[in-house]
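Only one structure is covered here, and it is reproduced in the block below.
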Amino acid sequence: YRLFFMFNRIIKLIVDKSGSGDYTSLTKCMFDNQSSKCEITVKPGTYDLIAEFKEYFGDNVFSGTTLDYNGLPIKNGTKVFMDAAAEIKFNYDGSNSVVEEYFSPFVMVNDGGEIYGGKITCTNCRYAIHDDVYDKSARSKSVIDGVVINYSSERNVGIGVGFGQASDITVKNCIVKNGRAGAVGYGIFYHNAATGNSQSIVKIENNIVSDKIVIEPYGPSTKMSNAIVAGNKCSDVVKIQGGTVDNITLYELNNIKGV
C-alpha cells in the first residue's frame, strides 16, 4: 500500500510570474517535476518559452542540428490548469529549421496528460500542442479542453497528434486559429500511428477551428479506432489515408463547416 501511494502521489504546484507561487518559470516547473504526476496551476501572465528555455538549458538550446528538448512535457497523467489570462508564447524567428520541424510548446508523452484553459501563441514551430504518446505500458489518456491557440508556421497545424498506443483522447471547447493570412491548414490533426493491435477513441467536440479537422489512418494496427467529430465550427472535416491500413472510422455529427 505504501509503495502504491508513493508512485501515485500527486504533486500540486503553482506557477506565478508575480513570485507568489512555487515557480515563476513554467519551463523550470515542468522539467524539474517531469518524472512525477502533477497538478500544475498557471496563474495570469505571459510565459515566454524562448526566454525560459534559454535560461534553463542555455543560450544554444535552439541552435543545434538536433533538439534535445522538443517542448514542455506533459506526461505520467500530469494536469495543467491555465488561468484564462495565462499566455504561453513561442514566437520563434525561424532561423533554425530544426526548431520548426520538431519543437512544440507542449508535448504529451508517456501515457499522456491533460491541459485546460489559457492561451498558446506560437510561430515557426511544429504544432502548438503535440499529443505524441508512444509509451505502451498502459492505455493513455489525453485531454485538451478550453485552450485558445493562435499558430503560424509552414506546417499549418494547431493541434497535431500521432498516438502510438491505445488511447482515449478528447479535444473540446478550444479555439484554434491560423495566423497566416489566406492559409488553409490542419487546425486539429490526428493520425493513428498505432502499433501492434492498439485501438483508440478520439473525441473532437465543440471547438471553433479556422482550418480543417483532419483524421488520418496510419500505422499497422488492424483494430479499428474511432474518431467522433461533433459540434465543431470549422472549414471542413476530412479523412485522408496516410498508410496502407484503414484503421480509423470517422463519425461526423452536427458540425458547421465553411467557417
Side-chain angles (χ1 to χ4, degrees), residues 9-135 142 144 147-153 155 158-160:
R9 184 168 65 96
I10 297 174
I11 299 174
K12 296 187 177 184
L13 300 163
I14 295 174
V15 181
D16 191 340
K17 296 290 290 185
S18 72
S20 298
D22 302 293
Y23 290 88
T24 58
S25 165
L26 181 58
T27 300
K28 181 171 175 55
C29 176
M30 298 195 72
F31 278 99
D32 279 359
N33 298 281
Q34 64 176 313
S35 61
S36 301
K37 184 176 182 178
C38 301
E39 289 185 0
I40 300 171
T41 299
V42 184
K43 295 292 187 179
T46 299
Y47 298 85
D48 185 336
L49 295 194
I50 293 177
E52 289 191 359
F53 266 70
K54 287 183 176 181
E55 181 180 11
Y56 193 79
F57 295 111
D59 289 339
N60 295 322
V61 66
F62 298 118
S63 301
T65 56
T66 60
L67 290 183
D68 293 326
Y69 310 99
N70 60 351
L72 296 175
I74 301 179
K75 58 184 183 178
N76 306 319
T78 284
K79 298 179 181 180
V80 178
F81 300 95
M82 294 201 294
D83 189 275
E87 181 176 12
I88 312 304
K89 275 194 174 182
F90 185 80
N91 288 337
Y92 187 63
D93 61 9
S95 57
N96 185 357
S97 62
V98 175
V99 175
E100 184 156 9
E101 179 70 20
Y102 295 108
F103 189 91
S104 302
F106 287 101
V107 180
M108 291 176 161
V109 292
N110 291 16
D111 295 333
E114 303 177 30
I115 180 169
Y116 298 89
K119 181 179 181 181
I120 303 170
T121 302
C122 55
T123 58
N124 297 315
C125 59
R126 188 179 180 94
Y127 314 137
I129 301 174
H130 191 181
D131 190 356
D132 196 26
V133 287
Y134 273 84
D135 176 16
S142 298
I144 303 168
V147 183
V148 177
I149 294 172
N150 289 287
Y151 65 96
S152 177
S153 69
R155 278 184 174 270
I159 299 172

query = Is Glu52 reaching over with its side chain to a backbone N or O of Thr27, donor-acceptor style, under 3.5 angstrom?
reply = yes

ask   = Any idea which heavy atoms bring Thr65 and Val98 closest together, and the distance?
value = O-CG2, 3.4 Å

ask   = Is there a donor-acceptor contact under 3.5 Å linking the side chains of Asn76 and Thr78?
value = no

inquiry  = Under the criterion side chain to side chain contact (heavy atoms under 4.5 Å, CB included), I'd like the reasoning laid out for Phe81 against Glu39: C-alpha separation, chi angles, the key distance, then a yes or no.
reply    = CA-CA 7 Å; Phe81 300 95; Glu39 289 185 0; 4.3 Å; yes

task = Give, for atom OG of Ser104 and atom CG of Asp131, the distance between the pair rounded to the nearest 0.5 Å.
result = 10.5 Å

note = When rounded to the nearest 0.5 Å, the distance separating CD1 of Ile120 from CD1 of Ile88 is 7.0 Å

ask   = Does any N or O in the side chain of Asp22 come within less than 3.5 Å of the main-chain N or O of Val15, such that one atom is a donor and the other an acceptor?
value = no

note = CD1 of Ile40 to CD of Glu114, rounded to nearest 0.5 Å, is 12.5 Å

task = Check whether any side-chain heavy atom of Lys119 lies under 4.5 Å from a side-chain heavy atom of Asn150, and answer yes or no.
result = yes

query = Any side-chain donor-acceptor pair under 3.5 Å between Tyr151 and Asn124?
reply = no

task = State which residues pass side chain to side chain contact (heavy atoms under 4.5 Å, CB included) with Asn70; sequence neighbours excluded, sorted by chain then number.
result = Val107

query = Quick one: are Tyr69 and Phe31 in side-chain contact, heavy atoms under 4.5 Å?
reply = yes

note = Between the CG atom in Leu13 and the CG atom in Asn33, the distance rounded to the nearest 0.5 Å is 5.0 Å

key: Side chains of Gln34 and Lys75 in contact at under 4.5 Å (non-hydrogen atoms)   = yes

note = Here the gap from Ile10 atom CD1 to Lys79 atom NZ, rounded to the nearest 0.5 Å, amounts to 6.5 Å

inquiry  = Could you tell me if the side chain of Met82 sits less than 4.5 Å from the side chain of Ile115, heavy atoms only?
reply    = yes

inquiry  = I'd like to know if the side chain of Arg126 reaches the main chain of Glu101, judged simply by a donor and an acceptor atom lying under 3.5 Å from each other, with no hydrogens or angles considered.
reply    = yes

His130/Val109 under side chain to side chain contact (heavy atoms under 4.5 Å, CB included): CA gap, chis, key distance, verdict = CA-CA 9 Å; His130 191 181; Val109 292; over 6 Å; no

ask   = Can you tell me how far the CD1 atom of Ile14 sits from the OG atom of Ser20, to the nearest 0.5 Å?
value = 9.0 Å

request  = Count the heavy atoms of every other residue, nucleotide or ligand shown that sit under 6.0 Å from CD of Glu55, and state whether that count exceeds 12.
outcome  = no

query = Ignoring hydrogens and geometry, is there a side-chain-to-backbone donor-acceptor pair from Thr24 to Gly19 under 3.5 Å?
reply = no

task = State, yes or no, whether a side-chain contact exists between Met30 and Asp32 at a heavy-atom distance under 4.5 Å.
result = no

query = Quick one: does NZ or CZ of Lys17 land under 6.0 Å from the six-membered ring centre of Tyr47, within 45 degrees of the ring axis?
reply = yes

query = Can you tell which of Phe106, Phe53, Phe62 makes a ring-ring contact (aromatic ring centres under 6.0 Å, His included) with Phe90?
reply = Phe62

Min side-chain heavy-atom separation Cys125-Pro105 under 4.5 Å = yes

message = Quick check: do Lys43 and Asp83 have side-chain heavy atoms less than 4.5 Å from each other?
response = no

